[in-house]
Amino acid sequence: MELIHICEVCGKTAILDEEMAYNQGWDYPRRMGTFGIVSPRTCGDCSITDTVWWKLACEKVPIEQLDVHQKQVIWRILHEPESITPK
């Protein structure tokens with residue numbers, strides 16, 4: 001299944017199947033993580049330390065203190081795979 005992969009750090013997008021995404025270094029379900037669970041959504045060039053997951057899990061930033069972009073990332077993750085299905 002092809003999905004829109006969106007790097008939450010740099011904004012890069014690509015429509016890829018899970019094997020292509022994994023081979024290009026994307027951290028995306030199904031090979032990395034699970035749909036609907038907040039975890040990193042990055043391309044092969046960006047760091048996990050710049051993700052919403054890192055802010056929440058490692059830096060213990062409360063959701064209320066996240067910026068608009070970070071809250072949009074959470075919404076997109078919670079609504080996967082529908083939110084990343086090509087139209």
Side-chain angles (χ1 to χ4, degrees):
M1 165 178 17
E2 288 189 335
L3 297 171
I4 304 168
H5 289 65
I6 306 164
C7 180
E8 66 178 275
V9 178
C10 72
K12 176 180 175 179
T13 64
I15 298 176
L16 306 165
D17 67 29
E18 85 180 59
E19 190 67 24
M20 291 175 3
Y22 181 78
N23 289 337
Q24 292 179 25
W26 286 85
D27 287 332
Y28 248 82
R30 294 180 217 197
R31 295 292 289 275
M32 302 291 292
T34 303
F35 290 129
I37 304 294
V38 175
S39 61
R41 301 291 192 271
T42 57
C43 68
D45 298 323
C46 290
S47 171
I48 191 174
T49 61
D50 296 321
T51 65
V52 172
W53 173 83
W54 187 272
K55 298 288 182 210
L56 296 171
C58 299
E59 295 180 10
K60 308 295 185 204
V61 174
I63 290 175
E64 300 79 30
Q65 292 180 13
L66 296 176
D67 64 30
V68 171
H69 170 74
Q70 292 165 328
K71 289 177 182 177
Q72 289 171 339
V73 168
I74 292 172
W75 185 92
R76 186 173 65 240
I77 290 171
L78 294 178
H79 293 87
E80 289 172 345
E82 294 82 14
S83 63
I84 57 172
T85 300
K87 306 257 183 250

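The two atoms that bring V38 and W53 nearest to each other are O-CD1, 3.5 Å, heavy atoms only. Considering all non-hydrogen atoms of both residues, G36 and L78 come closest at O-CD2, 3.4 Å. Closest heavy-atom contact between W26 and A14: CZ2-CB, 4.2 Å. Nearest heavy-atom pair, M20 versus D17, reported as atom, atom and distance to 0.1 Å: N-OD1, 2.8 Å. Across W54 and I48, no two heavy atoms sit closer than the pair CB-O, 3.2 Å. Counting all heavy atoms, side chain and backbone alike, C10 lies closest to C43 at SG-SG, 3.8 Å.
Using a 4.5 Å cut-off between side-chain heavy atoms of Ile, Leu, Val, Met, Phe, Trp and Tyr, with links allowed through other members, L56 and Y28 fall into different hydrophobic clusters.
A distance of 10.5 Å separates CG of N23 from CD of E18, quoted to the nearest 0.5 Å. Taking CG from D27 and OG1 from T42, the interatomic distance works out to 3.5 Å, rounded to the nearest 0.5 Å.
Considering only heavy atoms from C-beta on, M1 comes within 4.5 Å of R30 through its side chain. For the pair T13 and H5, the minimum side-chain heavy-atom distance is 4.5 Å or more. Side chains of L3 and I15 form no contact here, defined as non-hydrogen atoms less than 4.5 Å apart. F35 is not listed as a side-chain neighbour of I77, based on a closest heavy-atom distance of 4.5 Å or more. Residues K12 and D45 have side chains in contact (heavy-atom distance under 4.5 Å, counting atoms from C-beta outward).
Heavy atoms from other residues, nucleotides or ligands lying under 6.0 Å from OH of Y22 number 12 at most.
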Identify every side-chain donor-acceptor pair in residues 61-73 under 3.5 Å, counting partners at least two apart or on other chains, and give the distances.
residue	atom	partner	partner atom	Å
D67	OD1	H69	N	3.1
D67	OD1	Q70	N	2.8
H69	NE2	E8	O	2.9
Q70	OE1	D67	N	2.8

* To do: Tell me, with the steps shown, if L16 and Q24 meet side-chain contact (heavy atoms from CB on, under 4.5 Å).
  => CA-CA 10 Å; L16 306 165; Q24 292 179 25; 3.8 Å; yes

* Can you list the steps and then say if V9 with T51 is a side-chain contact (heavy atoms from CB on, under 4.5 Å)? -> CA-CA 6 Å; V9 178; T51 65; 4.2 Å; yes

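The side chain to side chain donor-acceptor pair (under 3.5 Å) check on T49 picks up S47, with sequence neighbours excluded. The side chain to side chain donor-acceptor pair (under 3.5 Å) search around E80 returns R41, not counting sequence neighbours.
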